[in-house]
Amino acid sequence: MLSIGQLDRRINITSPTYTTNEYGEQTKVYATLYTVWAKMDWKSSNRKEESQEQVNRTDVVFYIRNLGVTILSTYQIYVPDTEKTYIIHGIKEIDGREQFLELETRIKDNQ
C-alpha cells in the first residue's frame with residue numbers, strides 16, 4: 001500500500017500549447033498545469049533499433065495523490081531534478097477510494 005511519505009519527488013504536469021512567434025511560425029511550448037509530489041518507480045529499459053537508429057526506451061511509473069484534477073494522456077511529466085520529460089501512456093486509480101493515481105510513462109531518446 002502506498003503512503004504519503006513515499007511521495008518524495010517534485011514533478012510538473014505540463015500540457016503542450018502553441019504560440020506564434022514574431023515570424024508567424026507556430027511554436028510548441030509546455031505550460032505547467034500542476035506541480036505535485038510523486039513517487040518515481042523505474043519499470044524497464046531497453047535498447048533497440050528504430051528506423052536504422054539506436055533508441056533507448058525507459059518505462060517509468062509515477063504515483064501521485066488523486067487531488068480531483070483531470071489528467072489527460074496528452075499531458076507530459078517534467079522532472080526538474082533531472083530535466084527530463086516523460087510521455088504519459090496510461091492513467092490508473094489505485095489504493096481504493098481513488099486515493100492515488102498511477103501514471104505510466106515512457107522516456108525515449110530521439111523523440
Side-chain angles (χ1 to χ4, degrees):
M1 180 173 239
L2 195 62
S3 71
I4 299 277
Q6 293 174 315
L7 308 180
D8 60 353
R9 178 139 337 192
R10 201 74 164 152
I11 64 169
N12 298 330
I13 298 174
T14 62
S15 173
T17 58
Y18 296 90
T19 61
T20 304
N21 65 13
E22 57 203 36
Y23 302 108
E25 301 169 327
Q26 289 285 329
T27 306
K28 185 191 279 189
V29 294
Y30 293 90
T32 299
L33 301 174
Y34 312 111
T35 300
V36 295
W37 289 100
K39 176 184 176 190
M40 192 172 176
D41 190 9
W42 299 86
K43 289 297 182 185
S44 67
S45 181
N46 66 17
R47 180 181 200 109
K48 65 180 184 174
E49 188 170 312
E50 284 183 13
S51 302
Q52 300 177 351
E53 286 185 56
Q54 288 294 324
V55 177
N56 285 335
R57 188 187 88 197
T58 304
D59 295 330
V60 179
V61 175
F62 290 91
Y63 298 95
I64 65 170
R65 228 9 239 256
N66 187 354
L67 303 172
V69 297
T70 302
I71 297 178
L72 305 175
S73 60
T74 57
Y75 296 169
Q76 296 182 354
I77 294 176
Y78 175 74
V79 181
D81 296 349
T82 61
E83 296 184 359
K84 292 190 178 184
T85 301
Y86 299 82
I87 301 165
I88 297 175
H89 285 278
I91 302 167
K92 185 169 41 170
E93 295 175 348
I94 60 169
D95 274 352
R97 293 190 308 166
E98 304 168 357
Q99 284 187 325
F100 294 96
L101 292 177
E102 179 181 289
L103 306 174
E104 296 176 11
T105 65
R106 180 170 292 155
I107 186 167
K108 190 165 105 170
D109 289 347
N110 307 333
Q111 303 184 43

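Cluster membership for Leu72 and Val36, using ILVMFWY side-chain heavy atoms within less than 4.5 angstrom, is shared. Both Val79 and Tyr34 are members of a single hydrophobic cluster when ILVMFWY side chains are connected at heavy-atom separations under 4.5 Å. Note on Trp37 and Ile94: same hydrophobic cluster, where clusters join Ile, Leu, Val, Met, Phe, Trp and Tyr whose side-chain heavy atoms are under 4.5 Å apart, directly or indirectly. Placement of Val29 and Ile88 in two distinct hydrophobic clusters is found when ILVMFWY residues are connected by side-chain heavy-atom separations under 4.5 Å, directly or transitively.
The shortest side-chain heavy-atom distance between Arg65 and Phe100 falls under the 4.5 Å cut-off.
Between the CD1 atom in Ile64 and the CD1 atom in Ile71 there is a gap of 3.5 Å [rounded to 0.5 Å]. Residue Tyr75 holds its OH atom at 12.0 Å from CG of Leu103, rounded to the nearest 0.5 Å. In this structure, the separation between NZ on Lys39 and OG on Ser3 is 8.5 Å, given to the nearest 0.5 Å. To the nearest 0.5 Å, atoms CD1 (Ile107) and CH2 (Trp42) are separated by 6.5 Å. Here the CD-CD1 distance, from Gln99 to Ile4, works out to 7.5 Å after rounding to the nearest 0.5 Å. Between the OG1 atom of Thr32 and the CD1 atom of Ile11 there is a distance of 11.0 Å, given to the nearest 0.5 Å.
Shown here is Glu83, whose CD atom has no more than 12 heavy atoms of other residues, nucleotides or ligands within 6.0 Å.
Of the possible polar contacts, one joining the Thr105 side chain to the Val60 backbone as a donor-acceptor pair under 3.5 Å is found. Of the possible donor and acceptor atoms, one in the side chain of Thr14 sits under 3.5 Å from a partner among the backbone N and O of Gln76.
When all heavy atoms of Pro80 and Arg10 are compared, the closest pair comes out as CD-O, 3.5 Å. Of all heavy-atom pairs spanning Ile87 and His89, the tightest one is O-CD2, 3.3 Å.
Checked against side chain to side chain donor-acceptor pair (under 3.5 Å), Thr27 has no partners two or more places apart in sequence or in another chain. Partners of Glu102 under the salt bridge (charged side-chain N to carboxylate O under 4.0 Å, His left out) rule, at least two apart in sequence or in another chain, are Lys92. Residues passing the ring pair (Phe, Tyr, Trp, His ring centres under 6.0 Å) test with Phe62 are Tyr86, sequence neighbours excluded.
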Worksheet entry | Glu93 and Leu101: CA distance, side-chain angles, deciding distance, side chain to side chain contact (heavy atoms under 4.5 Å, CB included) verdict | CA-CA 5 Å; Glu93 295 175 348; Leu101 292 177; 3.6 Å; yes
